[in-house]
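Residue numbers run from 1 in the order of the sequence given.
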Amino acid sequence: MGNTIRKGKRFAALVLAAMLAAGLLGGCNDTTTTPDPSGSSGGSSGGETSETPEETYTFPDLDLNQYEFKIAEAWSYGETDRPPTEYGVSGLGDAILDRNQAIEDALNCTITLEYYDPYNFFDLVTTSIMAGDKIADVMTPVVFNFGKFVNAEQLYDLNELPGVDLSKPWWNQTIPAITTFGGKVYGASAQFARVEGEAVGVFYNRRILNEIGMQDPQELVAQGAWDLDAFKEYVAKGMKDLNNDGVFDDNDQWSVTGECTEAMYSLFVGGGNKILDTVDGKVTYMLGEASSIDYMLKMKDVFEPQGSYYNPNWDFGKQLTNFVGGKVFLFIGALLHYPDMRDMADDFGVLPIPAAPGSDTYYSLITHNSPIVCVPTTIDNPEATGAILEAMAALSEPEFDIWFDDYSTLTLRDDESVHVARDIVIPSLTLELAHTGHFLSAEMTAATDGILTNPILIDRTQEPASAVDAVKEQAQAMVDEIYNK
């Protein structure tokens with residue numbers, strides 16, 4: 001597979017990042033030319049990606065008279081996730097500062113950020129929006145809070161926002177298609193609030209792979225043969241009863257781990273399925289479909305063997321620690337999110353989520369912690385909001401290369417893994433609508449998260465069909481109330 005080790009590239013990557021930061025955005029005047037990093041419609045095969053024509057952005061002829069453009073940033077969980085406010089900290093940080101300065105100079109405005117706790121963001125601002133107060137021009141809530149704003153009818157239709165053109169390549173093309181309800185587009189995605197770091201894939205431990213004597217699964221990806229059937233074969237051989245006591249516990253080696261709900265969502269959506277989908281203009285609960293039941297049964301069969309899925313009482317920290325510690329073969333999670341992987345003693349590679357049996361088309365779910373770009377209904381100057389938002393999207397697009405090169409050099413260990421992440425996983429990213437609604441009520445959570453986790457992992461005496469039959473009518477009624485108003 002030509003898994004060229006990349007550990008010596010760290011210094012060169014940092015130098016390149018600094019050069020990119022200084023050159024791509026530092027001399028921005030009235031125009032910038034940008035390629036499209038990941039504006040696909042979701043779903044990609046294992047082949048090479050095609051070149052995308054470049055498109056030029058031109059600042060509108062506007063003087064906004066020192067308009068203050070406020071961003072309510074609600075997707076970073078701590079200060080370490082936030083960009084620096086001074087030059088010289090990182091290449092990406094410098095590029096962000098250059099981008100904002102270029103916009104401020106060209107449009108005569110100021111850009112300010114206010115940070116909110118991602119988990120409680122909706123509760124913190126919804127009363128103010130309801131009262132008609134302007135809290136921001138743009139908000140970037142995580143997916144599960146985005147759904148709350150949709151339900152509360154507090155978001156602006158981005159198709160009606162002056163100066164915004166979501167068809168341009170600096171906008172991700174997948175997200176608006178999924179966040180359109182009743183013909184109105186409420187959510188978008190661009191590099192100033194990127195979702196690519198939350199695209200889910202599979203990490204695999206190469207030491208364990210060598211011990212079980214199986215083919216490197218990256219070869220299956222290259223052959224178009226990495227599907228759920230192949231995944232099942234690796235799961236069946238990845239566990240080991242290390243102390244020979246006949247019971248799998250923390251003393252043993254397990255096959256798969258990862259946050260349970262996210263992993264089951266990712267495997268299900270990775271097979272080309274949907275939990276919620278828009279059918280004839282109406283958001284529809286899809287788990288009752290025969291094809292959905294069939295796929296859940298296939299997933300349940302994957303995890304039939306004892307020792308197949310490590311779930312230490314929903315303790316994600318322990319799941320991550322045990323994979324990094326070499327006690328689990330496969331880990332399902334965001335490929336470019338966990339710095340913990342840098343400390344892993346065993347070598348590892350990465351893979352896309354397996355495709356449906358017999359398919360080589362991959363769908364890479366973004367997690368419920370992904371940011372969605374949206375605009376509250378209480379903005380007071382739509383022309384200014386739209387002009388600056390479009391400039392933010394266009395001028396932030398080159399930051400993808402800086403971010404990806406830096407993060408992948410630090411985290412991924414071979415060129416084939418870089419290829420998988422950049423050319424297969426990221427172009428195939430998609431959003432599952434159920435992520436936007438699964439925290440709205442306990443009943444909605446049970447009808448989505450519960451159906452995909454309980455019969456497959458938690459209570460295997462349940463059958464998917466009977467579990468779905470018990471909730472599907474109520475689930476559709478809840479979906480209608482949230483999305484089909």
Side-chain angles (χ1 to χ4, degrees), residues 1 46 200-273 293-312 319-320 322-333 346-360 362 420 452-464:
M1 285 299 295
V200 176
V202 181
F203 295 82
Y204 67 102
N205 184 308
R206 285 201 168 105
R207 173 186 58 80
I208 296 177
L209 177 70
N210 292 334
E211 290 175 357
I212 63 180
M214 296 187 73
Q215 180 183 10
D216 191 319
Q218 286 181 343
E219 296 178 3
L220 298 182
V221 176
Q223 297 162 7
W226 177 241
D227 60 13
L228 192 68
D229 289 340
F231 180 72
K232 178 182 175 182
E233 294 180 14
Y234 284 81
V235 172
K237 294 188 177 182
M239 73 285 287
K240 189 174 183 180
D241 183 6
L242 295 175
N243 57 5
N244 296 310
D245 65 354
V247 177
F248 275 86
D249 54 28
D250 283 342
N251 297 310
D252 300 305
Q253 174 181 296
W254 293 71
S255 286
V256 189
T257 196
E259 198 282 318
C260 297
T261 304
E262 205 73 72
M264 295 306 101
Y265 266 56
S266 296
L267 289 172
F268 185 76
V269 172
N273 307 288
I293 299 295
D294 180 65
Y295 209 82
M296 284 189 278
L297 288 171
K298 286 182 169 65
M299 289 170 56
K300 185 172 183 175
D301 193 41
V302 169
F303 300 109
E304 177 68 29
Q306 186 182 16
S308 59
Y309 202 95
Y310 179 61
N311 175 25
Q319 291 174 314
L320 181 58
N322 276 25
F323 176 76
V324 172
K327 299 190 71 174
V328 185
F329 177 33
L330 305 166
F331 178 89
I332 298 174
D346 292 339
D347 193 17
F348 66 84
V350 302
L351 307 158
I353 290 293
S359 173
D360 67 349
Y362 301 105
V420 167
L452 276 180
T453 54
N454 290 338
I456 296 171
L457 290 183
I458 310 304
D459 181 6
R460 291 180 53 83
T461 63
Q462 290 187 35
E463 288 301 323

What verdict does the side chain to side chain contact (heavy atoms under 4.5 Å, CB included) test give for V256 and F303, after you've listed the backbone C-alpha separation in whole Å, the side-chain angles of each residue and the deciding distance to 0.1 Å?
CA-CA 9 Å; V256 189; F303 300 109; 4.1 Å; yes

Would N205 and F331 satisfy side chain to side chain contact (heavy atoms under 4.5 Å, CB included), going step by step from the backbone distance to the final call?
CA-CA 9 Å; N205 184 308; F331 178 89; over 6 Å; no

Between L267 and Y295, is the side chain to side chain contact (heavy atoms under 4.5 Å, CB included) condition met? List the steps.
CA-CA 10 Å; L267 289 172; Y295 209 82; 5.7 Å; no

Steps toward side chain to side chain contact (heavy atoms under 4.5 Å, CB included) verdict (L452, M296)
CA-CA 7 Å; L452 276 180; M296 284 189 278; 3.7 Å; yes

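Ion pairing between a basic and an acidic side chain is recognised when a charged N comes within 4.0 Å of a carboxylate O; D229 and K298 show no such pairing. The existence of a salt bridge linking E211 and R207 is confirmed by a sub-4.0 Å separation between a basic side-chain nitrogen and an acidic carboxylate oxygen.
Remark: the backbone N or O of P455 is not paired with any side-chain donor or acceptor of R460 at under 3.5 angstrom. In this structure a side-chain-to-backbone donor-acceptor pair under 3.5 Å is present from S255 to M239. For N210 (side chain) and R206 (main-chain N/O), a donor-acceptor pair under 3.5 Å exists by modelled atom type. Side-chain atoms of W226 never come within 3.5 Å of backbone atoms of P217 as a donor-acceptor pair (strictly under, hydrogens ignored). In this structure, Q218 contributes its side chain and V350 its backbone to a donor-acceptor pair below 3.5 Å. Using a distance-only test at 3.5 Å, with no hydrogens or angles considered, no donor-acceptor pair links the side chain of Y310 to the main chain of Q253. No donor-acceptor pair under 3.5 Å is formed between the side chain of D227 and the backbone N or O of S359. With D459 contributing its side chain and N454 its backbone, the two residues share no donor-acceptor pair below 3.5 Å.
Contact between F323 and V328 at its shortest, heavy atoms only, is CD1-O, 3.3 Å.
The shortest distance between side-chain heavy atoms of N243 and D241 falls below 4.5 Å. Here the side chains of F329 and V235 are not in contact, with every heavy-atom distance at 4.5 Å or above.
Surrounding NZ of K240 are at most 12 heavy atoms belonging to other residues, nucleotides or ligands under 6.0 Å away.
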